[in-house]
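We count ligands from 1, going down the list as the structure has it; atoms in each ligand are counted the same way. Quick note: numbers below take in every heavy atom, side chains included, and nothing from hydrogens, waters or symmetry partners.
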Amino acid sequence: MSDNYDVIIIGGGPGGYNCAIRCGQLGLKVLCVETHTKLGGTCLNVGCIPSKALLHSTELLETAQKDFASMGLTGEVGFDLKAMMADKDKTVEGLTSGIEFLFKKNNVQRLKGYGRIVDSTTVEVDGKKLKTKNIVIATGSEVATLPNVEIDEKKIVSSTGALELKNVPEKLLVIGGGVIGLELGSVWRRLGSEVTVVEYLDHIMPGMDAEVQKQALRIFKKQKMKFELGRKVTGVEKSGKGLKVKTEASAGGKEKDIDADVVLVCIGRRPFTNDVGLEAAGVETDKRGFILTDHFKTNVPGIYAVGDCTHGPMLAHKAEDEGVAAAEIIAGKAGHVNYDVIPGVVYTAPEIASVGKTEEELKEAGIPYKKGKFAFIANGRARANHKTDGFVKILAHAETDEILGAHMIGAQVGDLIAEVALAMEFKAASEDIARTCHAHPTISEAVRQAAMDVEGWTMQS
Ligand code: FAD
Ligand code: NAI
């Protein structure tokens with residue numbers, strides 16, 4: 001391995017590996033340093049992919065158990081947890097080895113080891129110093145922890161442990177009503193756990209459109225997930241074979257103990273930037289450790305940062321887009337990420353998806369807007385599929401009709417949101433969607449009907 005590179009990337013997650021592939025495509029001599037044997041980072045190994053595999057199998061299980069009879073389908077369906085986990089692991093294995101293939105195809109060199117920056121042209125990997133013209137930091141994030149709640153990944157677990165429990169806990173207590181809590185809470189509820197979510201705020205999924213938050217809470221409660229809103233966990237104690245979770249009202253007082261067999265801590269993630277040589281190289285971070293960037297450039301010339309270790313939503317596709325843009329800038333092109341159009345999806349059943357501004361954000365910014373809404377109960381395909389919960393909401397500028405945001409809850413909305421994201425990327429008006437022919441019967445018609453409703457001419461409700 002020659003040690004004179006155009007780019008060394010530290011981290012092989014979605015930010016790092018996509019940056020590496022794009023660098024390779026652009027003819028740069030690139031090395032990706034990843035400490036783990038498998039590439040793919042949090043997303044492929046312990047995040048997006050394994051969680052979606054379990055969400056998929058358990059959603060099918062619940063559909064079989066609860067909805068099949070109403071469609072005239074007979075026979076009982078059960079599950080084998082070990083086999084379900086093996087299926088998830090197989091999916092992960094296939095995808096992580098796929099990145100090895102993509103590296104070879106695109107002339108990306110890979111080094112297994114822990115990278116630390118020495119200076120703006122030197123990275124040290126397990127004692128060996130490598131020279132490079134540019135460095136991209138893509139070290140991602142790690143689980144945020146709570147005082148008095150020690151994660152052992154067996155009884156008190158982070159998302160990583162919750163993806164590989166050996167048995168279905170009778171009582172699962174989830175700390176944090178955000179994305180992980182709702183997704184992994186759903187997985188274990190469907191497998192039989194009694195799930196209680198303790199959330200500090202008085203609502204779930206902070207930052208989402210308020211109407212979506214309310215509808216989602218109603219649906220999750222109907223699914224028998226329990227919620228303790230406006231409450232915080234102050235500690236977890238062993239109690240016989242189980243756990244006693246000490247809580248109090250977020251405002252203080254009103255103490256309450258809740259019994260659990262397993263506790264899932266998912267109160268957010270923090271940047272993994274502690275031991276990467278940032279201080280030695282003079283790379284600036286904020287107080288929480290996020291690397292400060294301007295168009296992916298840090299304050300040190302030649303050092304870039306992308307993904308979860310920088311500001312912005314902690315999402316795989318955001319990391320990916322930043323990795324690609326950084327590679328393009330290094331190659332002398334005009335890399336760019338449009339932060340106004342980054343979709344977010346929660347893969348529960350129903351799914352929840354959003355892009356752009358929420359109503360609350362538009363009101364706060366004083367931007368005049370019109371709103372169109374369409375409920376899935378009036379969509380033919382949703383009815384045929386027995387998936388009628390939820391709605392699509394489109395927000396457009398009151399004067400120009402430019403689409404400013406879309407917020408959805410319903411089956412498959414994680415895919416529907418791409419249509420609105422594309423429209424927004426082209427600065428489309430709501431009328432552009434309203435006048436686009438959508439195939440019938442598809443659930444995508446709900447997007448068109450919501451767009452029609454912006455001007456008040458919905459045809460199907
Ligand atoms: P990471 O994926 O964290 O990758 C960083 C890599 O750098 C790691 O492999 C790490 O080992 C390596 N590394 C760190 N330091 C060093 C070093 N010094 N030397 C060598 N290697 C190093 N996002 C979505 O968009 N959709 C989802 O459905 C979704 N689901 C998720 C589910 C869970 C349970 C979790 C935890 C996260 C989920 N996310 C999801 C978030 C997503 O995983 C992250 O946003 C994404 O992985 C960030 O990519 P990254 O490249 O910035 O960092
Ligand atoms: P999150 O930020 O989504 O939710 C954390 C929740 O915990 C918030 O509602 C917060 O108010 C609450 N909280 C914080 N401290 C608390 C306390 N002491 N007691 C009770 N509640 C408390 O973080 P989460 O769910 O851990 O996910 C981490 C990251 O992973 C997110 O940034 C998310 O973007 C990403 N992710 C994305 C997914 C997706 O795109 N589908 C899936 C899973 C994770």
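The protein heavy-atom contact nearest to atom 27 (C) of ligand 1 is Cys48 SG, 3.5 Å. Among protein heavy atoms, the minimum distance from atom 5 (C) of ligand 1 is reached at Ala138 O, 3.4 Å. Protein heavy atom at the shortest distance from atom 22 (C) of ligand 1 is Thr35 CG2, 3.9 Å. Nearest non-hydrogen protein atom to atom 4 (O) of ligand 1 is Gly13 CA, 3.4 Å. Protein heavy atom at the shortest distance from atom 11 (O) of ligand 1 is Glu34 OE2, 2.7 Å.
Applying the 6.0 Å contact sphere to NZ of Lys363 captures more than 12 heavy atoms from other residues, nucleotides or ligands. More than 12 non-hydrogen atoms from other residues, nucleotides or ligands lie less than 6.0 angstrom from NE2 of His386. The local environment of NZ in Lys232 is crowded, with over 12 non-hydrogen atoms from other residues, nucleotides or ligands closer than 6.0 Å.
Side-chain atoms of Glu284 and Thr298 include no donor-acceptor pair closer than 3.5 Å. No hydrogens or angles considered: nothing links the side chains of Thr121 and Lys133 as a donor-acceptor pair under 3.5 Å.
For ligand 1, one of its N or O atoms has an N or O atom of Gly15 under 3.5 Å away. The shortest N or O to N or O distance between Arg269 and ligand 1 is not below 3.5 Å. When only interatomic distances are considered, the shortest N/O to N/O separation between Gly115 and ligand 1 falls below 3.5 Å. Inclusion of Gly307 in the set of residues having an N or O under 3.5 Å from an N or O of ligand 1 is not warranted. Looking at Ala319 next to ligand 1, no N or O pair under 3.5 Å apart turns up. The shortest N or O to N or O distance between Pro14 and ligand 1 is below 3.5 Å.
With sequence neighbours excluded, the residues forming a side chain to side chain contact (heavy atoms under 4.5 Å, CB included) with Tyr347 are Lys52, Leu55, Glu183, Val345, Glu351, listed by chain and number.
Atom 14 (C) of ligand 1 has its nearest heavy-atom neighbour, among Asp308, Thr160, Thr42, Thr139, in Thr139. When Cys266, Ser159, Gly140, Gly47 are checked for heavy-atom proximity to atom 32 (C) of ligand 1, Gly47 turns out nearest. Comparing Met314, Glu320, Lys318 by heavy-atom distance to atom 41 (C) of ligand 1, the nearest is Met314.
Residue-level proximity to ligand 1 for Ser141 is carried by the backbone, the only part with a heavy atom below 4.0 angstrom. By the criterion of a heavy-atom distance under 4.0 Å, neither the backbone nor the side chain of Tyr17 is placed next to ligand 1.
The shortest heavy-atom distance from Val179 to ligand 1 is not under 4.0 Å. The closest approach between any non-hydrogen atom of Gly113 and ligand 1 is below 4.0 Å. The shortest heavy-atom distance from Arg116 to ligand 1 is not under 4.0 Å.
Here salt bridge (charged side-chain N to carboxylate O under 4.0 Å, His left out) pairs that include residues 302-313, with residues two or more places apart or in two chains, number zero. Residue pairs meeting the salt bridge (charged side-chain N to carboxylate O under 4.0 Å, His left out) criterion with at least one partner in residues 159-179, sequence neighbours excluded, do not occur; the list is empty.
Under the 4.0 Å criterion applied to side-chain N and carboxylate O atoms, Lys318 and Glu322 are assigned as salt-bridge partners.
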Anything under 3.5 Å between an N or O on ligand 2 and a protein N or O? List each pair with its distance, or write none.
{"from": "ligand 2", "atom 1": "3 (O)", "to": "Val179", "atom 2": "N", "distance (Å)": "3.2"}
{"from": "ligand 2", "atom 1": "9 (O)", "to": "Glu199", "atom 2": "OE1", "distance (Å)": "2.6"}
{"from": "ligand 2", "atom 1": "9 (O)", "to": "Glu199", "atom 2": "OE2", "distance (Å)": "3.3"}
{"from": "ligand 2", "atom 1": "11 (O)", "to": "Glu199", "atom 2": "OE2", "distance (Å)": "2.6"}
{"from": "ligand 2", "atom 1": "21 (N)", "to": "Tyr200", "atom 2": "N", "distance (Å)": "3.1"}
{"from": "ligand 2", "atom 1": "23 (O)", "to": "Gly268", "atom 2": "N", "distance (Å)": "3.4"}
{"from": "ligand 2", "atom 1": "25 (O)", "to": "Val179", "atom 2": "N", "distance (Å)": "3.3"}
{"from": "ligand 2", "atom 1": "25 (O)", "to": "Ile180", "atom 2": "N", "distance (Å)": "2.9"}
{"from": "ligand 2", "atom 1": "26 (O)", "to": "Cys266", "atom 2": "O", "distance (Å)": "3.4"}
{"from": "ligand 2", "atom 1": "26 (O)", "to": "Gly268", "atom 2": "N", "distance (Å)": "2.9"}
{"from": "ligand 2", "atom 1": "34 (O)", "to": "Met314", "atom 2": "O", "distance (Å)": "3.1"}
{"from": "ligand 2", "atom 1": "40 (O)", "to": "Val345", "atom 2": "O", "distance (Å)": "3.4"}
{"from": "ligand 2", "atom 1": "41 (N)", "to": "Glu183", "atom 2": "OE2", "distance (Å)": "2.9"}
{"from": "ligand 2", "atom 1": "41 (N)", "to": "Val345", "atom 2": "O", "distance (Å)": "2.7"}

